[in-house]
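Okay, so here's the structure we're looking at.
Positions are given from 1 along the sequence. These figures come from a predicted structure and were not determined experimentally.
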Amino acid sequence: MYKILIIEDDMTIAGTLASHLTRWGYEVKYVEDFKNILEETAACSPHLILLDIMLPFFNGFHWCQRIREFSKVPIIFLSSASDNMNIVMAMNMGGDDFVEKPFDLNVLTAKVQALLRRSYSFQGNINVIEHKGLILNMSDASVLYEGARIDLTKNEYKILQCLMERAGKIVSREDIITKLWEDDSFIDDNTLTVNMTRLRKKLDKAGLPDIILTKKGIGYMIKE
């Protein structure tokens, strides 16, 4: 089932869109906290976004640009401001299509279906994990925090992925080592300690001190 995220501050429009698209078999969510759009987008990991231009705090152009820092998810702009400048801006910021308000729900649905077909006929889903603003994109192995990329080695990335997939739960050292062995990389207990120390230093430098907790004699966990 494809997931669609609606970023629209008019809750009447958002609710109508959600109800209509749900009837077409899509899993639909709409943003309610417009201060945390980036986090909600990453947490939802949608297959397509419907994005209004006029939003509280920052406009849709801003959020499209920020989303493009970690995701290639298809984006359809929705706006009553349909002059050429807004359409050009929408495309330049990374949008894939533009629909003028007021719109016919059936026409919008047809555009959604067409864009989903074009985007996912020959590729898998874009998987993103988000926790406390830390974004891990498994489609290109990138890690971002507050818009800045954190450069990790392959092993550091795999350790972080292992922990973020089970955020708030203890992951044993044995489980992490097993995860790292999946690609035939040999790593022992001492090597894991070295990699963990480096990973923590990089997260600390990025502004995430102590996000990885040590449970002595058991393993590690991402704190909630």
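Between Lys29 and Ile6, every side-chain heavy-atom pair lies at or beyond the 4.5 Å cut-off. No side-chain heavy atom of Lys3 sits less than 4.5 Å from a side-chain heavy atom of Tyr26. For the pair Ile76 and Leu48, the minimum side-chain heavy-atom distance is below 4.5 Å. The shortest distance between side-chain heavy atoms of Trp63 and Leu38 falls below 4.5 Å. Put simply, the side chain of Ile176 does not reach to within 4.5 Å of the side chain of Thr178, judged on heavy atoms. Contact check for Asp151 versus Arg149: side-chain heavy atoms found under the 4.5 Å cut-off. Contact check for Leu50 versus Tyr30: no side-chain heavy atoms found under the 4.5 Å cut-off. At a threshold of 4.5 Å between non-hydrogen side-chain atoms, the residues Val31 and Leu5 count as touching.
For Arg173 and Thr193, the side-chain atoms include at least one donor-acceptor pair closer than 3.5 Å. Arg200 and Thr214 share a donor-acceptor pair across their side chains, judged by distance under 3.5 Å alone. For the 3.5 Å distance criterion, the side chains of Glu69 and Gln65 fail to qualify, holding no donor opposite an acceptor.
To the nearest 0.5 Å, atom CG of residue Leu163 and atom CE of residue Met196 are 5.0 Å apart.
Note: Trp24 and His20 have tilted aromatic rings, judged against thresholds of 30 and 60 degrees for the angle between ring planes. Aromatic ring pairs are classed by plane angle as parallel below 30°, tilted from 30° to 60° and perpendicular above 60°; the pair Phe61 and Phe77 is tilted.
In this structure a side-chain-to-backbone donor-acceptor pair under 3.5 Å is missing from His131 to Glu165. Looking only at distances, no side-chain donor or acceptor of Ser71 sits under 3.5 Å from a matching main-chain atom of Ile67. With hydrogens and angles disregarded, a donor-acceptor distance shorter than 3.5 Å links the side chain of Asn195 to the backbone of Thr191. Side-chain atoms of Asn59 come within 3.5 Å of backbone atoms of His62 as a donor-acceptor pair (strictly under, hydrogens ignored). Tyr157 contributes no side-chain N or O that, together with a main-chain N or O of Leu136, makes up a donor-acceptor pair within less than 3.5 Å.
The two residues Asp33 and Asn36 make their nearest non-hydrogen contact at OD2-ND2, 2.6 Å. A pairwise comparison of heavy atoms in Phe57 and Lys35 identifies CZ-CE, 3.3 Å as the closest pair. Ala42 and Ile135 make their closest contact through CB-CG1, 4.0 Å (heavy atoms, listed as atom of the first residue, atom of the second, distance). Scanning all heavy atoms of the two residues, the minimum distance from Leu51 to Gly60 falls at CD2-O, 3.3 Å. Across all non-hydrogen atoms, the minimal contact from Ser119 to Pro74 is OG-CG, 3.1 Å. Scanning all heavy atoms of the two residues, the minimum distance from Leu134 to Tyr145 falls at N-CD1, 3.8 Å.
For Pro56, the side chain to side chain contact (heavy atoms under 4.5 Å, CB included) criterion is met by Asp9, Phe34, not counting sequence neighbours. A search for side chain to side chain contact (heavy atoms under 4.5 Å, CB included) contacts involving Met91 returns Phe98, not counting sequence neighbours. With sequence neighbours left out, Arg23 forms a salt bridge (Lys or Arg N to Asp or Glu O under 4.0 Å) with no residue at all.
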Between Met221 and Lys215, does a side-chain contact (heavy atoms from CB on, under 4.5 Å) hold up when you go through it step by step? CA-CA 8 Å; Met221 68 181 289; Lys215 297 299 179 180; 3.4 Å; yes

Would Asp96 and Arg118 satisfy salt bridge (Lys or Arg N to Asp or Glu O under 4.0 Å), going step by step from the backbone distance to the final call? CA-CA 11 Å; Asp96 297 279; Arg118 291 199 303 269; over 6 Å; no

Step-by-step salt bridge (Lys or Arg N to Asp or Glu O under 4.0 Å) determination, Glu156 to Lys202: CA-CA 10 Å; Glu156 291 164 355; Lys202 289 180 180 181; 2.7 Å; yes

Between Tyr220 and Val171, does the side-chain contact (heavy atoms from CB on, under 4.5 Å) criterion hold? Intermediate values first, please. CA-CA 5 Å; Tyr220 305 94; Val171 183; 5.7 Å; no

Apply side-chain contact (heavy atoms from CB on, under 4.5 Å) to residues Glu40 and Ile7 and explain how you reach the verdict. CA-CA 10 Å; Glu40 288 201 34; Ile7 306 176; over 6 Å; no

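Of the residues Ile53, Ile13, Leu17, the one that meets the side chain to side chain contact (heavy atoms under 4.5 Å, CB included) test with Leu78 is Leu17.
Under a cut-off of 6.0 angstrom, the local environment of CG in Asp210 is sparse, with at most 12 non-hydrogen atoms contributed by other residues, nucleotides or ligands.
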